[in-house]
Amino acid sequence: MDTVTKSIDVNVPVRVAYDQWTQFESFPQFMDGVKAVRQLSPTRLHWVVSVGGDTEEWDATITEEIPDKRIAWEATQGHDNSGVVTFHRLSDDSSRVTVQLGYDTESFTQKVGDVLGFVSRQLEQDLENFKQFIEQRGAPTGAWRGTIEHGQIVEQPNPMA
């Protein structure tokens, strides 16, 4: 499995960055190539993306989620990938978002794209788009603040938090 890691500093509090990232269905608004993400349950997602002109779909499970700290996932069907997004407080009004993505290049087209650094450049652009999206809004489009361990909800979101 190949991996790529990218970070970006955003001028919003860590809670705002984290809360927006939990709104998976909004990803097409700032991730090029992502056509749709459907949240099937608090721990399950269905992705539809365009890669090199091909449409790919897969299901993923959120394996770990700790509010304001990290979200980890792994594909369960379809395109093999996994990763983790971590959130770091830099100040009261800024934070760092780091994405580590692991993926298998399955087709020749994807391998050529990988050799050319396509995945790395795409992730970098997606993070730039996220930065613009959340900084312009200044507030998340929603939030899910539960805790997930080993793919199971261990703490439901507190609506008063």
Side-chain angles (χ1 to χ4, degrees), residues 3-91 93-103 109-110 113-114 117-148 153 157 159 161:
T3 62
V4 62
T5 302
K6 295 290 180 181
S7 296
I8 195 158
D9 294 350
V10 293
N11 295 316
V12 296
V14 72
R15 182 179 180 129
V16 171
Y18 172 85
D19 285 352
Q20 183 59 53
W21 204 277
T22 67
Q23 301 308 291
F24 304 106
E25 292 183 352
S26 74
F27 281 12
Q29 295 178 52
F30 56 85
M31 288 187 175
D32 293 337
V34 176
K35 301 299 179 194
V37 180
R38 281 194 335 260
Q39 184 133 20
L40 306 173
S41 76
T43 61
R44 292 182 45 239
L45 305 169
H46 180 79
W47 289 75
V48 180
V49 300
S50 177
V51 179
D54 296 330
T55 298
E56 296 195 27
E57 297 188 39
W58 68 85
D59 291 335
T61 296
I62 299 169
T63 57
E64 182 180 26
E65 191 163 337
I66 303 168
D68 300 336
K69 300 288 184 204
R70 64 188 286 126
I71 301 170
W73 75 91
E74 62 186 12
T76 56
Q77 290 181 347
H79 187 71
D80 189 19
N81 68 88
S82 61
V84 63
V85 182
T86 55
F87 303 85
H88 309 274
R89 179 187 181 280
L90 299 177
S91 72
D93 297 320
S94 65
S95 53
R96 178 167 294 142
V97 178
T98 300
V99 178
Q100 181 178 20
L101 175 64
Y103 59 97
T109 303
Q110 290 170 330
D114 185 53
F118 173 79
V119 174
S120 179
R121 284 193 308 274
Q122 186 62 60
L123 180 56
E124 194 170 295
Q125 183 61 56
D126 288 345
L127 285 173
E128 284 289 338
N129 293 346
F130 175 75
K131 175 181 174 70
Q132 290 178 2
F133 179 85
I134 195 60
E135 286 180 359
Q136 286 176 353
R137 286 190 52 81
T141 59
W144 193 85
R145 300 193 59 79
T147 301
I148 297 171
I153 300 170

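Look at Arg145 and Asp19 and you find a salt bridge, because one of the NZ, NE, NH1 or NH2 atoms lies within 4.0 Å of a carboxylate O, short of that distance.
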Name every donor-acceptor pair, under 3.5 Å, that has one atom in a side chain of residues 5-14 and the other anywhere in the protein, sequence neighbours excluded.
{"residue": "Lys6", "atom": "NZ", "partner": "Ser120", "partner atom": "OG", "Å": "3.2"}
{"residue": "Lys6", "atom": "NZ", "partner": "Glu124", "partner atom": "OE1", "Å": "3.1"}
{"residue": "Ser7", "atom": "OG", "partner": "Thr98", "partner atom": "OG1", "Å": "2.6"}
{"residue": "Asp9", "atom": "OD1", "partner": "Arg96", "partner atom": "NE", "Å": "2.6"}
{"residue": "Asp9", "atom": "OD1", "partner": "Arg96", "partner atom": "NH2", "Å": "3.2"}
{"residue": "Asp9", "atom": "OD2", "partner": "Arg96", "partner atom": "NH2", "Å": "3.1"}
{"residue": "Asn11", "atom": "ND2", "partner": "Glu135", "partner atom": "OE2", "Å": "3.3"}

Run the side-chain donor-acceptor check on residues 24-37: report pairs under 3.5 Å with partners two or more places apart or on a different chain.
{"residue": "Glu25", "atom": "OE2", "partner": "Gln39", "partner atom": "N", "Å": "2.9"}
{"residue": "Ser26", "atom": "OG", "partner": "Gln20", "partner atom": "NE2", "Å": "3.0"}
{"residue": "Ser26", "atom": "OG", "partner": "Gln23", "partner atom": "O", "Å": "2.7"}

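Rounded to the nearest 0.5 angstrom, Arg70 CZ and Trp21 CH2 are separated by 14.0 Å. Between the CG atom in Leu127 and the CD atom in Gln125 there is a gap of 9.5 Å [rounded to 0.5 Å]. Of the inter-residue distances, the one linking Arg44 atom CZ with Gln77 atom CD reads 8.0 Å to the nearest 0.5 angstrom. Note that the CD1 atom of Ile148 and the CD atom of Glu64 stand 9.5 Å from one another [nearest 0.5 Å]. Atom CH2 of Trp58 sits about 5.0 Å away from atom CG of Asn81, to the nearest 0.5 Å. Between Leu40 atom CG and Leu45 atom CG the span is 7.0 Å, to the nearest 0.5 Å.
Using a 4.5 Å heavy-atom threshold, the side chains of Tyr18 and Asp68 count as touching. Within the 4.5 Å cutoff, the side chain of Trp73 has heavy atoms near those of the Val85 side chain. With contacts defined as side-chain heavy-atom distances shorter than 4.5 Å, the pair Trp144/Ile62 does not qualify.
Heavy-atom neighbours of Lys69 NZ from other residues, nucleotides or ligands within 6.0 Å: at or below the threshold of 12.
Distance alone, capped at 3.5 Å, is enough to place a donor-acceptor pair between the Ser91 side chain and the Asp93 backbone.
Nearest approach of Thr147 to Pro67, heavy atoms of both residues: OG1-CD, 3.6 Å. Scanning both residues, Pro140 and Val16, for their nearest heavy atoms gives CD-CG1, 3.8 Å. The two residues Ala17 and Val97 have their closest heavy-atom pair at CB-CG2, 4.2 Å.
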